[in-house]
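Just follow the structure's listing: the first ligand is 1, and inside any ligand the first atom is 1. Everything numeric in this text was worked out from a predicted model, so none of it was measured. Any value given below was found using the heavy atoms of this structure, including those in side chains, with hydrogens, waters and symmetry copies removed.
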Amino acid sequence: MHLYDVKDRTVVVVDILRATSCMVTAFAHGVECIHPFADLSACKAMKAKGFITSGERDGKKVDGFDRGNSPFEYMGEDVRDKKIAFTTTNGTQAIEKALGAKKIIIGSFLNLSSVIKYLLFGDNNVLIICAGWKGKVNLEDTLFAGAIVEKLRNHIEPDCDAPLAAQYLYNLAKDDMMGFLSNSSHVKRLQRLNIQKDIEFCLTPDQYSIVPVMKDGKLTIT
Ligand code: MLT
């Protein structure tokens with residue numbers, strides 16, 4: 001990220017497993033807004049202001065928080081019209097790093113086509129931030145970046161080879177993403193925590209037609 005000036009760009013923040021998939025799911029089920037926090041105690045403090053406190057560290061729900069980081073925790077009527085304070089190991093850190101961008105949107109396979117449409121009709125240069133794991137690369141976020149590049153291939157001009165590498169991997173993986181990711185670091189980490197159905201769900205394209213957008217410190221959908 002340090003190589004890019006984001007102030008004139010639309011930044012797509014991506015954390016397929018599982019932060020941005022959770023956020024998209026929560027909005028699809030009527031959540032009013034999500035305030036993302038990099039800092040755990042700042043997030044915790046929002047409980048006193050009437051927020052649901054959500055998120056994880058190292059994949060595990062934070063002690064004392066209302067919810068963890070599984071999309072299935074954000075599908076009930078009980079999240080409708082609620083405000084959520086969210087912190088995660090990588091996803092909300094990536095959002096914080098994107099602050100200052102002209103626009104910040106939340107991407108996941110669950111809202112892939114809506115993100116594509118948003119970017120296609122937008123007039124800014126695009127930067128896709130793959131949250132990865134503690135500063136390191138992961139495969140699932142790269143596949144999502146590759147999906148964007150593939151679907152916008154007739155409309156964009158990548159400024160280096162990273163988008164091309166992501167596109168190449170996505171085209172190799174797209175017919176069996178579960179299989180392609182079977183040895184990947186975070187899939188294995190989540191499986192050690194007995195989390196399997198989240199992985200399958202988060203890799204399912206186009207479940208929801210929404211795009212969460214960051215404005216004034218919070219995410220909402222318009
Ligand atoms: C993160 O933000 O690091 C992830 O969403 C971790 C997780 O899968 O819970």
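Protein neighbours of ligand 1 below 4.0 Å, counting non-hydrogen atoms: D15, L17, R18, A19, E56, G59, N69, T88, T89, N90, G91, W133, H186, L190.
The pair R18-D198 meets the salt-bridge criterion, since a charged nitrogen lies less than 4.0 angstrom from a carboxylate oxygen. At a threshold of 4.0 Å, the pair D39-K44 does not count as salt-bridged, since none of the basic side-chain nitrogens sits closer than that to a carboxylate oxygen. No salt bridge links K197 with E200; every basic N to acidic carboxylate O contact stays at or beyond 4.0 Å. In summary, D58 and R189 do not engage in a salt bridge, as defined by a charged side-chain N under 4.0 Å from a carboxylate O.
To the nearest 0.5 Å, atom CD of residue E32 and atom NZ of residue K83 are 5.0 Å apart.
Listed by chain and residue number, E140, D141 satisfy the side-chain hydrogen bond (donor to acceptor under 3.5 Å, both in side chains) test with N138 (two or more places apart in sequence, or in another chain).
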